[in-house]
4 protein chains.
Amino acid sequence: MTATSSTSPKSPARTVATKRERDPVAAKQALIAAAVAEFASKGFAGARVDEIAAAAGVNKQLVYHYFDSKQGLYLVALESVYAEIREKEQKLTLNELEPLEAMKQLVAFSFDYLAEHPEFIALLADENRSHGANLHESERLQKMHSPFIEMLEATLERGVAAGVFRPDFDAINLYISIAGISYFFFSNNHTLSAIFGKALDARGALLQRRRHVIEFAINALRPDKDVA
Amino acid sequence: MTATSSTSPKSPARTVATKRERDPVAAKQALIAAAVAEFASKGFAGARVDEIAAAAGVNKQLVYHYFDSKQGLYLVALESVYAEIREKEQKLTLNELEPLEAMKQLVAFSFDYLAEHPEFIALLADENRSHGANLHESERLQKMHSPFIEMLEATLERGVAAGVFRPDFDAINLYISIAGISYFFFSNNHTLSAIFGKALDARGALLQRRRHVIEFAINALRPDKDVA
Amino acid sequence: MTATSSTSPKSPARTVATKRERDPVAAKQALIAAAVAEFASKGFAGARVDEIAAAAGVNKQLVYHYFDSKQGLYLVALESVYAEIREKEQKLTLNELEPLEAMKQLVAFSFDYLAEHPEFIALLADENRSHGANLHESERLQKMHSPFIEMLEATLERGVAAGVFRPDFDAINLYISIAGISYFFFSNNHTLSAIFGKALDARGALLQRRRHVIEFAINALRPDKDVA
Amino acid sequence: MTATSSTSPKSPARTVATKRERDPVAAKQALIAAAVAEFASKGFAGARVDEIAAAAGVNKQLVYHYFDSKQGLYLVALESVYAEIREKEQKLTLNELEPLEAMKQLVAFSFDYLAEHPEFIALLADENRSHGANLHESERLQKMHSPFIEMLEATLERGVAAGVFRPDFDAINLYISIAGISYFFFSNNHTLSAIFGKALDARGALLQRRRHVIEFAINALRPDKDVA
DNA sequence: CATGAATGAGCATTCATTCAT
DNA sequence: GATGAATGAATGCTCATTCAT
């Protein structure tokens with residue numbers, strides 16, 4: 001990666017002293033990206049600082065320079081995956097859609113995001129095994145409130161008002177249920193495939209699951225009857 | 001746990017107690033129990049053979065004597081937690097209940113089991129991070145077919161026939177959805193608590209979730225309308 | 001090996017109580033044979049008691065029962081290979097041959113024995129690395145005087161008297177030289193093969209070496225001149 | 001040995017001495033020297049990485065840093081002893097001597113080198129027990145062709161041409177014989193001493209053997225007769 | 001900032017040996 | 001005697017982290 005190229009070792013005029021041969025920001029980003037990948041595939045304990053540095057193409061010392069410790073790097077990696085999903089969530093604009101369609105998009109989004117970000121799931125799993133210790137430590141993470149839950153709440157209310165959603169569900173439980181039907185499929189894809197003897201990571205199974213998830217969630221939300 | 005059971009010192013007065021109750025089966029069980037706990041709380045890579053042996057109250061070498069390697073012990077630990085849930089599943093007798101009630105019990109069971117067995121979730125998570133590698137290796141695990149899915153299928157069919165369940169869902173997707181709404185709540189309890197700023201592991205939150213889960217699932221299963 | 005067969009567990013009359021289900025002598029022999037092989041191929045430190053017992057088809061405990069320790073077994077193994085060569089040496093009857101022919105046979109014997117007993121060389125090498133520690137410990141080994149050296153001495157004297165051997169060599173130095181030209185070829189066969197890029201363990205190389213060895217030794221022994 | 005050399009503390013007054021002289025080359029050399037000694041006296045399997053590092057006065061991890069594994073260190077140790085003898089051999093200049101004298105020097109050299117380098121013998125022995133496995137692996141070792149054999153061949157040819165050596169011996173066999181009469185004396189010094197009840201490692205025995213070795217070899221090389 | 005060297009604590013695993021049955 | 005269980009002291013090797021340049 002960030003190779004040693006970058007020419008000009010001793011340029012006659014070192015105008016900008018702050019920016020030397022390497023780009024600190026790029027190095028940092030490379031480390032975080034490598035960390036996310038390594039922590040996701042090996043877990044915190046299984047991940048190796050050496051390999052993260054090597055994968056990022058930087059010296060191991062930089063890890064300690066920038067992040068103090070393996071733990072520190074893990075924290076930033078965690079923040080980075082959270083930041084990314086929050087950013088994606090921001091882009092959802094549902095207020096103009098009618099409740100049913102908006103809800104479908106929310107369900108679809110939570111499915112699609114997980115489908116494309118297995119590292120998010122892996123990091124979450126490790127974080128939960130350690131009782132969310134890092135989450136509690138990070139102030140930044142605390143502040144990254146999810147707009148998703150608010151959109152969901154707004155959409156839910158609109159739908160209830162419009163009579164297309166049943167009023168029994170609170171937003172948090174609904175969120176967990178909607179996320180859960182997608183999350184479990186991805187988080188446990190391998191064990192489920194083994195148990196059912198069916199390749200649930202195949203393209204077909206994925207698309208089929210996506211349809212089911214939306215249908216299942218929407219149906220659960222439907223009001224009891226269209227009482228006359 | 002630490003096999004302190006083992007009643008009956010045989011002779012009422014044993015002047016010099018044998019240093020250790022020589023009981024291979026107990027030692028093995030103690031190791032497995034300790035392994036389940038350690039692997040669940042630290043993950044495979046984070047778990048320490050030393051600590052497992054210490055927790056089991058046996059010599060570390062016995063791990064290798066009985067299980068060949070840390071990996072071997074992990075495999076048996078995994079099998080043991082699977083065996084336990086399969087055993088519990090066997091005890092469910094739903095054929096005499098009417099479909100709706102049977103389905104409620106299935107949903108409740110999948111919630112209650114996870115509530116009481118956080119180590120099951122933790123081991124599953126680690127296993128999925130490694131792409132179910134151990135699951136694939138173990139023949140015993142392959143043979144531990146879940147009766148749950150069959151019960152679910154039978155119940156689903158009965159309910160569809162009786163007109164109380166919609167016919168659109170296949171059993172596998174339904175299973176994943178039902179399991180998912182419970183699983184995600186427990187597997188991600190800590191991160192969810194942090195995000196929502198709400199103690200989701202509190203007794204009240206648990207009971208409330210349980211009610212929601214059943215209601216959500218049952219509702220999703222309801223047929224489209226009671227068309228006249 | 002020494003299988004569990006051996007029938008008749010509870011014969012009505014256990015006349016000979018000393019000989020039970022197994023044959024202690026056979027077990028001991030099997031252990032020694034296995035030990036010779038294992039120690040020869042792995043060295044003392046590299047040899048594994050477990051594997052020796054397994055190869056002998058007996059329980060590991062027997063090693064300690066019969067030989068006290070790994071070291072004890074090694075000692076007996078060493079004695080056994082010495083005993084074997086001494087026994088073979090005993091069978092040489094050279095007094096009736098004329099000195100030259102007798103000497104040729106001595107040289108040939110020392111070559112042939114080594115050719116057929118690589119384990120002897122291997123054990124000697126390990127023993128010498130540890131400064132012959134075991135040799136010094138064993139009284140039995142001390143007593144196993146080699147008849148070879150005496151035969152050599154007698155033959156040498158006869159030849160000198162007959163004018164066919166030069167008188168300058170003492171028997172011990174001669175013995176070492178004769179043994180050395182064969183021993184080095186076998187003991188260092190692999191490194192020599194590597195250095196010379198030639199398979200010195202091939203049948204042809206062996207026969208050629210045998211001829212050379214005899215010729216070289218006999219020639220060295222020839223008196224200075226047939227001075228008139 | 002323990003790299004205490006390293007003169008020059010540069011600045012005359014260094015208030016706080018650096019904890020350890022940071023000198024990779026010295027550390028490496030110290031490790032190799034310690035490895036040669038340890039492997040020679042204990043064999044590969046008996047040698048302890050801990051003790052090698054301790055003897056070299058460096059951290060154990062450096063073994064793995066520089067040599068990857070115990071095996072890797074062993075290989076380098078082996079290469080180092082080979083390199084040393086090759087270097088010594090290079091210094092022999094025999095072309096100007098007459099064949100007989102040159103041959104005497106060759107024989108004497110092969111005796112003297114072994115006399116002074118018991119570790120060479122010990123490492124060779126272990127290497128041969130493992131069928132020269134390491135020798136085959138090392139490219140560097142393959143390339144360290146011995147000039148000795150070529151000198152021997154040249155000297156032999158010159159002597160044959162001059163009529164002072166018999167023409168029957170090929171250089172390889174001759175090399176093995178010459179090396180063998182010295183090697184065996186040293187390699188098996190302890191067992192020979194035990195068998196003969198004579199301290200063959202004593203100064204006197206050594207000198208006497210040296211004389212014998214030269215005489216024996218030269219005599220073996222003499223042509224059949226000074227035929228008139 | 002960058003780099004290789006160095007450290008120390010720890011980790012899975014091995015092994016000769018002993019114990020209990 | 002025979003067997004599996006058990007032990008404790010290692011043993012080769014790893015890893016996060018720090019140092020020196």
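Everything numeric in this text was worked out from a predicted model, so none of it was measured. Throughout, protein chains are lettered first and strands after them, A, B, ... in sequence-line order, and every chain is numbered starting at 1.
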As an exercise, state the distance from CZ of Arg48(A) to NZ of Lys70(A), rounded to the nearest 0.5 Å. 5.5 Å

Starting at the 5' end of DNA chain E, which residue's closest nucleotide do you reach first, Val49(B) or Tyr64(C)? Val49(B)

Round to the nearest Å and state the distance from Lys42(C) atom NZ to dA16(E) atom P. 11 Å

In terms of ring plane angle, is the pair Tyr74(B) and Phe39(B) parallel, tilted or perpendicular, where the classes change at 30° and 60°? perpendicular

Could you check whether Glu79(C) and Asn134(C), counting side-chain N and O atoms only, form a donor-acceptor pair closer than 3.5 Å? no

Taking only N and O in the side chain of His65(B), is any of them less than 4.0 Å away from OP1 or OP2 of dA5(F)? yes

Mapping Gln61(B) and Gln61(C) to their closest nucleotides on DNA chain F, which lands nearer the 5' end? Gln61(C)

Output, in order, the C-alpha distance, side-chain angles, deciding distance and verdict of side chain to side chain contact (heavy atoms under 4.5 Å, CB included) for Ser80(C) and Val36(C). CA-CA 8 Å; Ser80(C) 116; Val36(C) 167; 3.8 Å; yes

Answer with yes or no whether Asn59(B) presents, from its side chain, a donor or acceptor under 3.5 Å of a partner atom in the base of dG8(F). yes

Between Asp68(A) (CG) and dT18(F) (P), how many Å, whole number? 9 Å

Between dC15(E) atom C1' and Phe44(C) atom CZ, what is the distance in whole Å? 12 Å

Nearest nucleotide by nearest heavy atom, which residue falls closer to the 5' end of DNA chain E, Lys60(C) or Ser69(B)? Ser69(B)

When we call it a touch if two heavy atoms are under 4.0 Å apart, what does Ala47(D) touch: a base, just sugar-phosphate, or nothing? sugar-phosphate

Whole-Å gap separating C1' (dA16(E)) and CZ (Phe39(C)): 11 Å

Whole-Å distance between dT17(E) C1' and Lys70(C) NZ? 12 Å

Distance-only donor-acceptor test, Asp50(B) side-chain atoms vs dG10(E) base atoms, 3.5 Å: no

First locate atom CG of Leu31(C), then atom CD of Glu38(C), and finally report the distance between them rounded to the nearest 0.5 Å. 12.0 Å

Distance, rounded to the nearest Å, where Leu31(D) contributes CG and dG12(F) contributes P: 14 Å

In whole angstrom, what separates Glu51(B)'s CD from dA12(E)'s P? 9 Å

Pairwise 5' ranking along DNA chain F for Leu62(B) and Ala45(A), keeping only the more 5' one: Leu62(B)

Lys28(B) atom NZ is separated from dA6(F) atom P, nearest whole Å, by 10 Å

When you check the phosphate oxygens OP1 and OP2 of dG10(E), does a side-chain N or O of Arg48(B) lie under 4.0 Å from one of them? no

Identity of whatever pairs with dT11(F) - Watson-Crick or G-U, under 3.5 angstrom: dA12(E)

Using OP1 and OP2 only, check whether a side-chain N or O of Tyr66(D) sits under 4.0 Å from dA6(E). yes

